[in-house]
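Before any comments, here is the structure.
Chain letters run A, B, ... following the sequence lines, proteins first, then strands; residues in each count from 1.
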Amino acid sequence: MSGNKHHIGYGTYVIVWIALLAFTAITVTIAGVSLGRYTLFIALLIAAIKSALVINIFMHIKFDEPIFKIFLALSGTTILIIFVLTFVDILYR
Amino acid sequence: MDNSSGVLPVEQVKKSFYQESTNKYTGIGAWLLTKDHKRIGLMYMYAIISFFVVGAIIGLLMRLELLSPGGKLFSAQTYNSLFTLHGVIMIFLFIIPGIPAIFGNFFLPIQIGARDVAFPRLNLLSWYVYITGAILALTSLFLPGGPIDTGWTFYIPYSVRSGTNVSLALFAAFVLGFSSILTGINFVTTVHRLRGKGMTFFKMPLFVWATYATAWIQIIATPVIAITILLVIIERAFGVGIFDPALGGDPILFQHLFWIYSHPAVYIMILPAMGVVSEIIPTFSRRTIFGYKQIAYSSLAIAFIGYLVWGHHMFSSGQSDLSNMIFSLLTFLVALPSGVKIFNWVATMYKGSIDPQPPFLWVMSFIVLFSIGGLTGLVLGSLATDIHLTDTYFVVAHFHYVMFGGTGTIFIAAMHYWFPKMFGKMYNIKCANVAVVLYFIGFNMLYFPKFIMGYMGMPRRYYNYLPMYTPYQRISTYGSWILVGTIFFIIGYFVYAYYRGKKATSNPWGGVTLEWHIQSPPIMENFETLPVITHDPYDFSQLKEMKNE
């Protein structure tokens, strides 16, 4: 797989790891702050950023063949649409 | 197609895959540890048909209970368990895996000119995972607590509060989902990586296209139900308030999550069946399929739009009015690609040289039954009429016309189409012709009165009814006897053909897709040398070359 050809240094992994820890800390912290109807949105945003980091760097998708990126974009878009449609119910119920 | 390679002249019949093992074992070991996609497909077939028979017998018992009002045969609780089991068995053990796991496994690699699927070991694992899920589901019937009584939809809050073995049955569905995902991954990879030389995407048979679109739904949608199931189990075990309103949860969220999977699952059930139809109609019309690309794209469109319509199961559940309107609109959109398929099939037959053999007759029966199912779906997709018909027999009738009249009928059509290829034997054509007529009569007697009863207000899932429904319930029960009798008749002539049937030729129907170029039953790894594809999939000018071989 072409992903194996690309060598990522330990430095990058450590930075990403620290970023993930930081985002986790933020999630825990803002759980105690009342943000009204934005609470869920912010929690989901942080989760999305964390997933993007893991998928791109740890799972090497960033350096892989385009076909895998297309597959992933397709799945990601489907999940996004599912979230939007579910929120149409929750926000307007 | 280069027929000098990959094809065996009739006189040079080689050992079939039945006579060779992929491992060092013979007998049962050669089957249970096989990596051959054809053997795995057949192992799925024996398991799935067994569960189908069990599900059908439970359905028969339910109809027997409803022969006359008064609830004489079973108690209400037993009836609740019966309809739940009927649903769980038919949905999770028969109709979801049915066509992809049996015919997809057997024919997808052959139709794209491959020797096997991309991951043969994973393929075998998926069968074991399926069997494990089935055993767990069966175990839940006999443990203390009793068989599950929630209905196959497991709706909250009852599924959290019911004292029956809900957690184990849910876990069984969780395990079965993994089998489905593994099959999906295998088929997507196989189609992308193992197509034969010259087999471009637009030279693939439409059954492959349909199975490919289905595989994507299996991969993307199944994890949603897996997580939902785990959440219900956690809620039951630890009292965490996720769905149960008494614990601060949201019961409508459960319905969202359940249908986010289960609606696309409806397309997991029907898309492969549509693929089979696209194979059978050109073969028996001796004419290339009308609108090949449109049919291929409509499979993808159905797979995609199928994700966006789940809310139409929830019009009366208390979801927002805006959602109701959006989901109703999106639901009508699915009718477009479905219509594209139906019209293209009919256009394929136009001016064709039609040979009404049994597989073709089953497909004709499908077109009528599925159209009734599809059109009554529009009645349910409209907000105003749905309020009147929700949770009545109308929904039950619609669902059975689509799933049984659609996928179930095509499952039987596929058996008739590919039986000679799979087993190298031919069944009795006259028996098959009688069966399709009996099936059509029995089916409509069983399910059509349910539309009328539903319209009159008969609620679903009741073990008893008002005397005003008696004549309709009677006709329905008589229909169930004809239908189940016909199913046993079909199994009977297939079993007879397996042991005593005449030897089938390699191409009894005059098909041109790759499976008809090889001997019946196929050899191990399908092809002597891998074929080179030069023709379009439904180019019947090949037939002459094939006869000269």
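- Summarising the local packing, NZ of A/Lys62 is surrounded by 12 or fewer heavy atoms from other residues, nucleotides or ligands at distances under 6.0 Å.
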Tabulate below the donor-acceptor pairs under 3.5 Å that side-chain atoms of residues 325-336 of chain B make, not counting sequence neighbours, or state none.
{"unit_1": "B/Ser328", "atom_1": "OG", "unit_2": "B/Gly381", "atom_2": "O", "d": "2.7"}
{"unit_1": "B/Thr331", "atom_1": "OG1", "unit_2": "B/His312", "atom_2": "ND1", "d": "2.7"}
{"unit_1": "B/Thr331", "atom_1": "OG1", "unit_2": "B/Phe327", "atom_2": "O", "d": "2.5"}

Could you tabulate the donor-acceptor pairs under 3.5 Å formed by side-chain atoms of residues 26-36 of chain A, not counting sequence neighbours?
{"unit_1": "A/Thr27", "atom_1": "OG1", "unit_2": "A/Phe23", "atom_2": "O", "d": "2.8"}
{"unit_1": "A/Thr29", "atom_1": "OG1", "unit_2": "A/Ala25", "atom_2": "O", "d": "2.5"}

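- The part of A/Ile67 that comes within reach of chain B is its side chain, from C-beta onward, which places non-hydrogen atoms under 4.5 angstrom from that chain.
- For chain B, the nearby parts of A/Ser75 are the backbone and the side chain; heavy atoms of each come within less than 4.5 Å.
- A ring-ring contact (aromatic ring centres under 6.0 Å, His included) check over residues 174-208 of chain B, counting only residues at least two apart or in different chains, returns the pairs A/Phe71-B/His192, B/Phe171-B/Phe174, B/Phe174-B/Phe178, B/His192-B/Phe201, B/His192-B/Tyr212, B/Phe201-B/Trp209, B/Phe201-B/Tyr212, B/Phe202-B/Trp209, B/Phe202-B/Tyr297, B/Phe207-B/Trp418.
- Proximity to chain A among residues 242-264 of chain B is limited to B/Asp250, B/Ile252, B/His256, B/Ile260, judged by heavy-atom separations below 4.5 angstrom.
- When each of A/Thr78, A/Ile81, A/Thr77, A/Ile79 is checked for a side-chain contact (heavy atoms from CB on, under 4.5 Å) with B/Tyr307, only A/Thr78 meets the rule.
- Under a cut-off of 6.0 angstrom, the local environment of CZ in A/Phe83 is sparse, with at most 12 non-hydrogen atoms contributed by other residues, nucleotides or ligands.
- Each of A/Leu91, A/Ile90, A/Val88 was checked for a side-chain contact (heavy atoms from CB on, under 4.5 Å) with B/Ser323, and the lone residue meeting it is A/Val88.
- Nearest heavy-atom pair, B/Trp310 versus A/Ile82, reported as atom, atom and distance to 0.1 Å: CH2-O, 3.6 Å.
- Of all the heavy atoms in A/Glu65 and B/Arg193, the pair that sits closest is OE1-NH2, 3.9 Å.
- For CZ of A/Phe87, the number of neighbouring non-hydrogen atoms (other residues, nucleotides, ligands) closer than 6.0 Å is greater than 12.
- Between B/Ser317 atom OG and A/Asp89 atom CG the span is 7.0 Å, to the nearest 0.5 Å.
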